[in-house]
Asks: 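Before we start, here is the structure in question, set down as structure tokens.
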Amino acid sequence: MAIPSFVDRVTVNVAAGRGGNGCASVHREKFKPLGGPDGGNGGDGGSVILRVDPDVTTLVDYHRSSHRTATNGAQGKGDHQAGSNGGDVVLPVPDGTVISTPDGVVLADLVGPGAEFVAAQGGKGGLGNAALASSSRKAPGFALLGEDGEERTLVLELKVVADVGLVGFPSAGKSSLVAAISRARPKIADYPFTTLIPNLGVVVAGDVTFTVADVPGLIEGASEGRGLGHDFLRHVERCAALVHVIDCATYEPGRDPLSDLDTIEAELQAHGGLEDRPRLVALNKIDVPDAREIAEMVQAELEQRGLRVFPISTASHEGLEALKFAMADIVVRRRAEQEKPDTTRIVIRPQAQGGPEFKVKKLPDDGGWLVQGDKPERWVRQTDFANAEATGYLADRLNRLGVEDELLKLGALAGDAVMIGDGPNAIVFDFAPDVLAGAEILARRGEDHRLEEDRPAAQRRRAKDTEYHANKGLPTDYKQEWGEDEVDLSPAEAKRAAVKAEKLARKEARELEAVEESTDQDF
């Protein structure tokens, strides 16, 4: 299947780069084994940006390649070396591109050279442990992870930016008119639907320069999808004026200038949004004798409707100068209305922004509690849950934000399940109120004893599991009862206990040896 050269509507998938992870590093040199944290921050991920380029006139590049991805940020390094940022991807689009979601929500309307829209924001890089150090946490043994970049599906729709739009039936002479009054050279032939794409031409009338576009394929029912008009009616939405190009020399039965005008006006009204555009009527092909007579017959009636009528011939160029200056007059008035300065003094009174940074709600069927908010969910994405100290730091941040107080206010009990976020990165933990801040807990690097506690919810799950296996008649290993004196030790605690036991055994051995030596001397 051949790829068209002109495309005015595409669907694009854009993905920004991921932010680099922060680095957890400790400065080391001779006679200074612990010189403090020196881990650098991760670099930000690259963004995907849409920018208007005057040299681009079609969206065909994105028809061929609809997936665009920016690069990731680099990871931070030791010795305070920050990771490099990912490179942005700039996608050139034509002037007049409308960006919307697949659901039809308009996000941006890019008009004018250089106008741009950030289609996908790159992820922020994670902080290294040097940036996380404070007076209470002097040597963090962890760093924050980089955030994922945005991924979006966007619909790009081109609406040609022209001052005057030419509308009319196929073969009415719209392309010939563009070629006659400008340097544009569109394809011209004597069969319907010769023009398959909107053609733009730059017209000069005295001191005024403006653009003219012909809209191809308008027939009866175009607004409902017949012909090509359904695809190209959008291109007249930005025009300051509309010119009806009417073929006065057609030999098709049932057609005449008045009925052609009424049919095209009905399609424009069905499309909507064009009622305020001034209209001009160009009665074309008056170089044909019968066409000149027909134009003279209908001109008076058209003028009674309040329309300005111009009999023209694109072959002999008769009447084109008058039409050009009439179009220029409308364009000048329209530009003056749009560029009229507003002398009203603008007083800005900022409204109060913000509000709660998170919200908590009870899940049905005793499913626990759900915490939602940009900050808590972003902090979860930044946390390395393989590092106990990083997990404890997350708990401290949530506590300072007020999540614990809000849960207690709503009636949460110790051991209740609490879920942060409702997406793929959501986490679930057991609620343990009144936990000390991580900075006040003395532990080895990368550890947090709060995570080694036997939480009530874990005890309840263990009891249910034991009861389940007991009812199923499984081996007695699953039926053991947990005594009050039995405590699960973490690997670090078990190691310390083993060291203490070894020291105690050596001490008892030395004491026993001393007692035996003294007994031998007495004898």
Side-chain angles (χ1 to χ4, degrees), residues 164-196 198-199 201 203-206 210 212-222 226-229 232 236 239 241-268 278-330:
V164 178
L166 306 181
V167 295
F169 272 78
S171 296
K174 300 184 296 296
S175 298
S176 299
L177 180 56
V178 172
I181 63 178
S182 71
R183 292 182 178 272
R185 293 295 177 263
K187 181 181 179 182
I188 299 173
D190 60 352
Y191 55 85
F193 298 107
T194 306
T195 304
L196 300 178
N199 294 307
V203 182
V204 179
F210 57 94
V212 176
D214 70 321
V215 180
L218 288 188
I219 61 174
E220 185 176 1
R226 293 189 60 194
L228 302 177
F232 296 113
V236 300
C239 297
L242 300 179
V243 176
H244 285 277
V245 181
I246 298 177
D247 184 2
C248 293
T250 180
Y251 295 102
E252 294 184 22
R255 283 185 54 187
D256 60 81
L258 296 179
S259 63
D260 285 0
L261 177 63
D262 294 338
T263 300
I264 298 301
E265 279 292 342
E267 296 305 319
L268 296 176
R279 264 75 161 169
L280 300 177
V281 177
L283 300 176
N284 194 19
K285 302 183 182 179
I286 62 172
D287 55 294
V288 180
D290 292 342
R292 184 179 294 272
E293 294 179 2
I294 294 175
E296 293 174 353
M297 292 171 55
V298 300
Q299 182 173 355
E301 185 172 348
L302 292 174
E303 290 176 347
Q304 290 178 359
R305 297 186 183 185
L307 298 171
R308 298 180 63 185
V309 183
F310 298 87
I312 65 169
S313 171
T314 58
S316 64
H317 289 203
E318 182 180 350
L320 294 185
E321 285 297 316
L323 178 61
K324 285 168 53 178
F325 279 91
M327 291 189 289
D329 183 56
I330 295 177

Asks: Nearest 0.5 Å please: distance from the CG atom of L280 over to the CG atom of L242.
Replies: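 Spacing of CG (L280) from CG (L242) equals 9.0 Å.
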
Asks: Nearest 0.5 Å, please: how far is NZ in K324 from CG in L177?
Replies: 10.5 Å

Asks: If you round to the nearest 0.5 Å, how far is CD of E293 from CD1 of I286?
Replies: 12.5 Å

Asks: Quiz question: by atom type and distance under 3.5 Å, do the side chains of D262 and S259 form a donor-acceptor pair?
Replies: no

Asks: Quick one: CD1 on I294 to SG on C248, what's the gap to the nearest 0.5 Å?
Replies: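 SG of C248 is found 6.5 Å from CD1 of I294.
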
Asks: Can you list the steps and then say if D247 with K285 is a side-chain contact (heavy atoms from CB on, under 4.5 Å)?
Replies: CA-CA 7 Å; D247 184 2; K285 302 183 182 179; 3.0 Å; yes

Asks: Testing the basics here: between I312 and G319, what is the closest heavy-atom pair and its distance to 0.1 Å?
Replies: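 Looking at all heavy atoms of both residues, the closest pair is CG2-O, 3.6 Å.
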
Asks: In sequence, state the C-alpha distance, the side-chain angles, and the governing distance for V167 and V245, and then conclude on side-chain contact (heavy atoms from CB on, under 4.5 Å).
Replies: CA-CA 6 Å; V167 295; V245 181; over 6 Å; no

Asks: Within the structure provided, determine whether L307 and E301 are in side-chain contact (heavy-atom separation under 4.5 Å).
Replies: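 No; the side chains remain at least 4.5 Å from each other.
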
Asks: Within this structure, what is the CD1-CZ distance for the pair I330 and F210, rounded to the nearest 0.5 Å?
Replies: 9.5 Å

Asks: For residues S182 and V203, report the shortest heavy-atom separation together with the two atoms involved.
Replies: CB-CG2, 4.1 Å

Asks: Would you compute the distance between atom SG of C239 and atom CG of L166 and round it to the nearest 0.5 angstrom?
Replies: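 Here the interatomic distance stands at 8.5 Å.
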
Asks: Report the C-alpha distance between I181 and M327 in whole Å, list the side-chain angles of each, state the deciding distance to 0.1 Å, and finish with yes or no for side-chain contact (heavy atoms from CB on, under 4.5 Å).
Replies: CA-CA 11 Å; I181 63 178; M327 291 189 289; 3.9 Å; yes

Asks: For a 4.5 angstrom cut-off between non-hydrogen side-chain atoms, does F310 reach V243?
Replies: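 Contact flag for F310/V243 side chains = no.
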
Asks: If you measure only the distance, is there a donor-acceptor pair under 3.5 Å linking the side chains of D287 and S316?
Replies: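 Note: D287 and S316 side chains miss the donor-acceptor criterion.
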
Asks: Answer yes or no: is there an ion pair linking E318 with R292, defined by an N-O contact shorter than 4.0 Å?
Replies: yes

Asks: Run the side-chain contact (heavy atoms from CB on, under 4.5 Å) test on R305 and L258 for me, step by step, so that the C-alpha distance in whole Å, both residues' side-chain angles and the decisive distance to 0.1 Å come before the verdict.
Replies: CA-CA 11 Å; R305 297 186 183 185; L258 296 179; 4.2 Å; yes

Asks: Any non-hydrogen side-chain atom of I246 less than 4.5 Å from a side-chain atom of V298?
Replies: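 No, too far: nothing below the 4.5 Å cut-off.
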
Asks: Flag the pair E265 and R279 as a salt bridge only when some basic side-chain nitrogen lies within less than 4.0 angstrom of an acidic carboxylate oxygen.
Replies: yes

